[in-house]
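Just the heavy atoms: all of them, side chains too, but no hydrogens, waters or symmetry mates, feed the values below. We count ligands from 1, going down the list as the structure has it; atoms in each ligand are counted the same way.
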Amino acid sequence: MKDVLAEDRYDESVRAPDLDAAIAMLAAGPCRILAGGTDVFPSLQDRPLLGRVLDISGIADLRQIAQNDDHWSIGAAVSWRDVIRAALPPAFDGLKAAAREVGSWQIQNRATLVGNICNASPAADGVPALLTMDAAVQLQSCRGSRVMPLASFITGNRKTKRADDEMVTAILVPKAATAGQGYFYKLGARRYLVISIGMVAMRLLCDSQQKIAEIAIAVGACSEVAARLNDLEQHLSGQPLACAADIVAPSHFAGLSPIDDVRAPASYRIDAVEEAVRRLIAKAGSDIGHAK
Ligand SMILES: Cc1cc2nc3c(=O)[nH]c(=O)nc-3n(C[C@H](O)[C@H](O)[C@H](O)COP(=O)(O)OP(=O)(O)OC[C@H]3O[C@@H](n4cnc5c(N)ncnc54)[C@H](O)[C@@H]3O)c2cc1C
């Protein structure tokens, strides 16, 4: 790897020292962005990594979790391990639980949350928890920067709205969407080092009567793009938490479109995430019971 500032042509792999250098390389023509490389390298199988490669893992400014009055910001070089270690409000506990189940410790140390969403796998474990907190992505290019909701950034299996000359610099989580407690449930064929059959993230806030004041539920690996269950959220709002699990019905999952594959048939995935939602609600009920 060569220092981008020492080069006047960007026709090879570069480890960018800062964001300006990265943006300049993107402006000079399409290149493959490399963060942790834990999706990029396996996707090559036994082929070499050719073409213009922009390694952003050394940009210190991007390895920060910060906050201002409006939002939390998770930089593009922040690893899953950084997320686990960060002091964040309880609404992020679902994201932290997802982080603890991504691959192995080695993967968690190396891989980034932003790489997970940019790779746009339907089974990306970071996406549902971020959806429950109305997360947005910040994109930057030499043309300027823009912010768009994560829910519209990922458009399909391995497809995003990122333009060739743009990079994601951060995930933004509005503080207004961080009330309550976050939860996460992942079902795989085994506990670790496994691609999800289905996963559910939930963020829940109850009032003093233990009625649901705010709820967000998102499901992954059951459609091309992870999705919020808006209809179910509306049915649960205002209901006593104690009877919420009984409200969950198959019709609330009708908008999902899982695939049949070696990991599980579509019908099993739907049954599994329906059960996962009930279990998360039960877990929330028992947490509140213990806290009393
Ligand atoms: C053994 C193993 C186990 C795994 N287990 C899991 C798991 O349990 N759950 C799970 O969800 N994933 C898992 N993964 C997949 C992977 O580790 C994650 O998706 C990880 O978060 C990707 O992050 P990365 O930094 O390595 O991304 P990279 O591989 O560096 O990049 C991934 C993609 O995002 C693009 N990209 C990266 N950063 C940016 C940016 N800032 N702007 C624009 N584009 C960008 C890259 O160009 C590439 O297309 C596993 C992978 C391995 C090898």
>> For R100 and D125: C-alpha separation, side-chain torsions, deciding distance, then whether salt bridge (charged side-chain N to carboxylate O under 4.0 Å, His left out) applies.
In response: CA-CA 10 Å; R100 285 190 197 94; D125 283 327; over 6 Å; no

>> Set out, in order, the CA-CA distance, both residues' side-chain angles and the distance that settles side chain to side chain donor-acceptor pair (under 3.5 Å) for Y183 and D287, then state yes or no.
In response: CA-CA 11 Å; Y183 296 91; D287 285 355; 3.1 Å; yes

>> Between R110 and S79, does the side chain to side chain donor-acceptor pair (under 3.5 Å) criterion hold? Intermediate values first, please.
In response: CA-CA 6 Å; R110 183 74 207 161; S79 70; over 6 Å; no

>> Please determine whether side chain to side chain donor-acceptor pair (under 3.5 Å) holds for the pair N119 and S121, giving the CA-CA distance in whole Å, both sets of side-chain angles, and the decisive distance to 0.1 Å.
In response: CA-CA 6 Å; N119 191 55; S121 159; 5.2 Å; no

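Summarising the geometry, atom NZ belonging to K175 is positioned 5.5 Å from atom CH2 belonging to W72; distances are rounded to the nearest 0.5 Å. We find the CD1-OG1 distance between I217 and T132 to be 10.0 Å, quoted to the nearest 0.5 Å.
Considering only non-hydrogen protein atoms, atom 15 (C) of ligand 1 sits nearest to D39 OD1, 3.2 Å. At the shortest separation from atom 13 (C) of ligand 1 among protein heavy atoms lies V102 CG1, 4.1 Å. Closest to atom 39 (C) of ligand 1, if we only count protein heavy atoms, is I33 CG2, 3.7 Å. Scanning the protein heavy atoms around atom 41 (N) of ligand 1, the nearest turns out to be V168 O, 2.8 Å. Atom 12 (N) of ligand 1 has N116 ND2, 3.7 Å as its closest protein atom, hydrogens excluded (heavy atom only).
Considering both main-chain and side-chain atoms, V40 comes within under 3.5 Å of ligand 1 through a nitrogen or oxygen pair. Close N/O approach between T38 and ligand 1 is found [any backbone or side-chain N/O within under 3.5 Å]. Where the criterion is an N or O separation shorter than 3.5 Å, residue side chain and backbone included, A76 fails it with respect to ligand 1. Any N or O atom pair closer than 3.5 Å counts here, and K186 shares at least one such pair with ligand 1. On a distance-only criterion, G37 and ligand 1 share at least one N/O pair closer than 3.5 Å. Residue G103 places at least one N or O, backbone or side chain, under 3.5 Å from an N or O of ligand 1. Any N or O atom pair closer than 3.5 Å counts here, and A124 shares no such pair with ligand 1.
Comparing heavy-atom distances from atom 43 (C) of ligand 1 across E166, M199, Q108, R162 singles out R162 as nearest. Of all the listed residues (G115, S79, A77, A98), G115 holds the heavy atom that lies closest to atom 33 (C) of ligand 1. Nearest-heavy-atom check against atom 21 (O) of ligand 1 across T112, V78, L34 picks out T112.
Look at D134 and R203 and you find no salt bridge, because none of the NZ, NE, NH1 or NH2 atoms lies under 4.0 Å from a carboxylate O.
Which parts of ligand 1 touch I107 is read off a 4.0 Å heavy-atom cut-off, strictly below it: atoms 1 (C), 2 (C), 17 (O), 52 (C), 53 (C). Heavy-atom proximity to C118, at under 4.0 Å, picks out these atoms of ligand 1: 34 (O), 35 (C), 36 (N), 39 (C), 42 (N), 43 (C), 44 (N), 45 (C). Listed by number with element, the atoms of ligand 1 under 4.0 Å from a non-hydrogen atom of G36 are 24 (P), 25 (O), 26 (O), 30 (O). In summary, the atoms of ligand 1 found under 4.0 Å from a heavy atom of V194, numbered by their order in the structure, are 8 (O). Below 4.0 Å from some heavy atom of I56 lie the following atoms of ligand 1, by number and element: 41 (N). Close contacts between ligand 1 and A123 involve ligand atoms 11 (O) [criterion: under 4.0 Å to a heavy atom]. Here is the list of ligand 1 atoms found below 4.0 Å of a heavy atom in M167: 42 (N). Those atoms of ligand 1 that come under 4.0 Å of a heavy atom in E101, given as number and element, are 8 (O).
With a 4.0 Å heavy-atom cut-off, ligand 1 is reached by no atom of L113. At a heavy-atom cutoff of 4.0 Å, ligand 1 is contacted by no atom of T169, backbone or side chain. Residue contacts with ligand 1, taken as heavy atom pairs separated by less than 4.0 Å, involve W80 solely via side-chain atoms from C-beta onward. Both the backbone and the side chain of D125 come within 4.0 Å of ligand 1, counting heavy atoms alone.
R269 contributes a side-chain N or O that, together with a main-chain N or O of I197, makes up a donor-acceptor pair within less than 3.5 Å. Looking at K96, its side chain never comes within 3.5 Å of a backbone N or O of P90 through a donor-acceptor pair. Without hydrogens or angle criteria, Q108 side chain to A99 main chain gives a donor-acceptor distance under 3.5 Å.
Within the 4.0 Å cut-off (strictly below), a protein heavy atom is located near atom 8 (O) of ligand 1.
Side-chain atoms of L139 and R162, non-hydrogen and from C-beta on, do get closer than 4.5 Å to each other. For the pair T155/E224, no side-chain contact is recorded, criterion being any heavy-atom separation below 4.5 Å from C-beta on.
Open room surrounds NZ on K211; 12 or fewer heavy atoms of other groups in view lie less than 6.0 Å from it. With a 6.0 Å radius and a threshold of 12 heavy atoms from other residues, nucleotides or ligands, I195 has its CD1 atom at or below the threshold. The number of heavy-atom neighbours closer than 6.0 Å to CZ of R85, taken from other residues, nucleotides and ligands shown, is 12 or below.
Linking ILVMFWY side-chain heavy atoms closer than 4.5 Å, directly or via other members, places V102 and V114 in a single hydrophobic cluster.
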